[in-house]
There are 2 protein chains.
Amino acid sequence: MSKYKTIEPVQLVEIFKALANEHRLKIYNILTTCCAPGSSCASDEVFSCCVGDLDAQLDIAASTLSHHLKELHRAGLIDMKRDGKQVFCSVNTEAMQQLQNIFSSQLTGAKS
Amino acid sequence: MSKYKTIEPVQLVEIFKALANEHRLKIYNILTTCCAPGSSCASDEVFSCCVGDLDAQLDIAASTLSHHLKELHRAGLIDMKRDGKQVFCSVNTEAMQQLQNIFSSQLTGAKS
DNA sequence: ACTATAATTCGAAAGATGTCGAAATATAAA
DNA sequence: TTTATATTTCGACATCTTTCGAATTATAGT
């Protein structure tokens, strides 16, 4: 019916779980705004997306942040890749498009 | 900026929490598909939207269903209104439009 | 090799959530 | 006013989640 990959209900629940937390939503938000799809964020000194920069904006323990990032990653919402000592995070644009798609066509519509 | 009411990050977390459960997502799904916005669902004998009909499709205790409906209602995602012995449920179309809006414009974008 | 920095893993404690069955409430019908 | 049906509230229990600090791993610089 559509040209997009569909998200299984089970996976959709995981995505909502991942976003259903104050800190994780803020993280996702920071990543969508600072590292907008297509733009590189390494060159800007105000915003970048390594774990330490997120840490500076979040007022939670580093271990807690690490846990939240793992959840977002597990849900497929963000990508993480190490570059030297740092790990850089960014939104998974494919997942984001799928989400947009779901909501702009009446939430799931999945039959089952 | 937009003509739509914006959703506060705090409320958005509540909305995601409400959808972050297998049964609640299914309920919301049933309501979006059987009682599509604008259509009345009382006349169709296969699908209607009272609590008992949902119960028949869900394989959980009635008390559990009641709890889930309360959560969806608390998040502002569904409306409930009693008609005689039954309580009829339907999606809150305004909330759904807000959700669509959020996702079609890069998730929240809220600055704070 | 040692040291410093960045991030993750590992318990443990506190809190939130999902679930049920029994009891209560609301409404209608006999 | 008694009975039947629909739904909700309550209390209990089990499980999952959030959080932290301490210890560990990864990488780079001295």
Side-chain angles (χ1 to χ4, degrees), chain A residues 9-28 30-31 35 41-42 45 47-75 77-90, chain B residues 9-31 34-35 41-42 45 47-75 77-90:
Chain A
V10 183
Q11 200 200 331
L12 195 49
V13 167
E14 294 309 309
I15 288 173
F16 287 136
K17 271 189 193 158
L19 294 173
N21 171 278
E22 175 194 0
H23 299 304
R24 288 194 295 269
L25 187 57
K26 186 162 184 185
I27 291 165
Y28 194 69
I30 292 171
L31 295 178
C35 298
C41 47
E45 61 183 297
F47 276 118
S48 63
C49 307
C50 77
V51 175
D53 292 325
L54 292 168
D55 192 43
Q57 301 176 61
L58 278 172
D59 204 37
I60 53 177
S63 53
T64 305
L65 171 57
S66 198
H67 162 71
H68 286 318
L69 289 172
K70 201 158 73 176
E71 297 284 303
L72 286 167
H73 184 249
R74 213 187 345 230
L77 289 171
I78 67 171
D79 297 321
M80 302 176 75
K81 94 173 192 214
R82 184 175 276 275
D83 180 12
K85 274 185 290 189
Q86 290 156 316
V87 171
F88 285 85
C89 307
S90 57
Chain B
V10 183
Q11 198 200 331
L12 194 50
V13 168
E14 294 309 309
I15 288 173
F16 287 136
K17 270 188 193 158
L19 294 173
N21 172 277
E22 178 195 356
H23 295 130
R24 288 195 296 268
L25 187 58
K26 186 163 184 185
I27 291 165
Y28 193 69
N29 236 162
I30 291 171
L31 294 179
C34 102
C35 298
C41 47
E45 62 182 297
F47 277 117
S48 62
C49 306
C50 78
V51 175
D53 293 326
L54 292 168
D55 193 44
Q57 300 176 61
L58 278 172
D59 205 35
I60 53 177
S63 53
T64 304
L65 171 56
S66 197
H67 162 71
H68 285 319
L69 289 173
K70 201 158 72 175
E71 298 284 304
L72 286 167
H73 184 250
R74 216 193 336 236
L77 289 171
I78 66 170
D79 297 321
M80 302 177 76
K81 95 174 193 216
R82 183 175 277 274
D83 180 10
K85 275 186 288 188
Q86 290 155 315
V87 171
F88 285 85
C89 307
S90 57

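A, B, ... follow the sequence lines: proteins, then strands. Residue 1 opens every chain.
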May I have the distance from [X] (atom [atom1]) to [N] (atom [atom2]), rounded to whole angstrom?
{"X": "A/E71", "N": "C/dT8", "atom1": "CD", "atom2": "C1'", "value": "14 Å"}
{"X": "B/I60", "N": "C/dC20", "atom1": "CD1", "atom2": "P", "value": "7 Å"}
{"X": "B/Q86", "N": "D/dT8", "atom1": "CD", "atom2": "C1'", "value": "15 Å"}

Main-chain N/O of A/K26 paired to A/R24 side chain as donor or acceptor, under 3.5 Å
no
Does A/N21 place a side-chain N or O at less than 4.0 Å from the phosphate oxygens OP1/OP2 of D/dT17?
no
Can you see if the side chain of A/K70 gets near the phosphate of C/dA7 - specifically, an N or O under 4.0 Å from OP1 or OP2?
no
Describe, in one word, how the ring planes of A/F16 and B/F16 are oriented to each other, choosing from parallel (under 30°), tilted (30 to 60°) and perpendicular (over 60°).
parallel
On a plain distance test, is the side chain of A/S63 in donor-acceptor contact with the base of D/dG21 below 3.5 Å?
yes
Between B/C89 and B/L54, what is the shortest heavy-atom contact and its length?
SG-CD1, 4.2 Å
Is [X] touching bases, backbone alone, or none of the nucleic acid, heavy atoms closer than 4.0 Å?
{"X": "A/D55", "value": "nothing"}
{"X": "A/L65", "value": "nothing"}
{"X": "A/H67", "value": "base"}

Please determine, for the side chain of [X], which listed nucleotide ([options]) has the closest atom?
{"X": "B/R24", "options": "D/dA28, C/dT8, C/dG18", "value": "C/dG18"}
{"X": "B/A61", "options": "D/dA28, C/dT8, C/dC20", "value": "C/dC20"}
{"X": "B/H68", "options": "D/dT8, C/dG18, C/dT8", "value": "C/dG18"}
{"X": "B/T64", "options": "D/dT5, C/dT19, D/dC20", "value": "C/dT19"}
{"X": "B/S66", "options": "C/dT8, C/dA7, D/dT9", "value": "D/dT9"}

Need to verify one output field. Residue with the more 5' nearest nucleotide on DNA chain D, A/K17 or A/D83?
A/K17
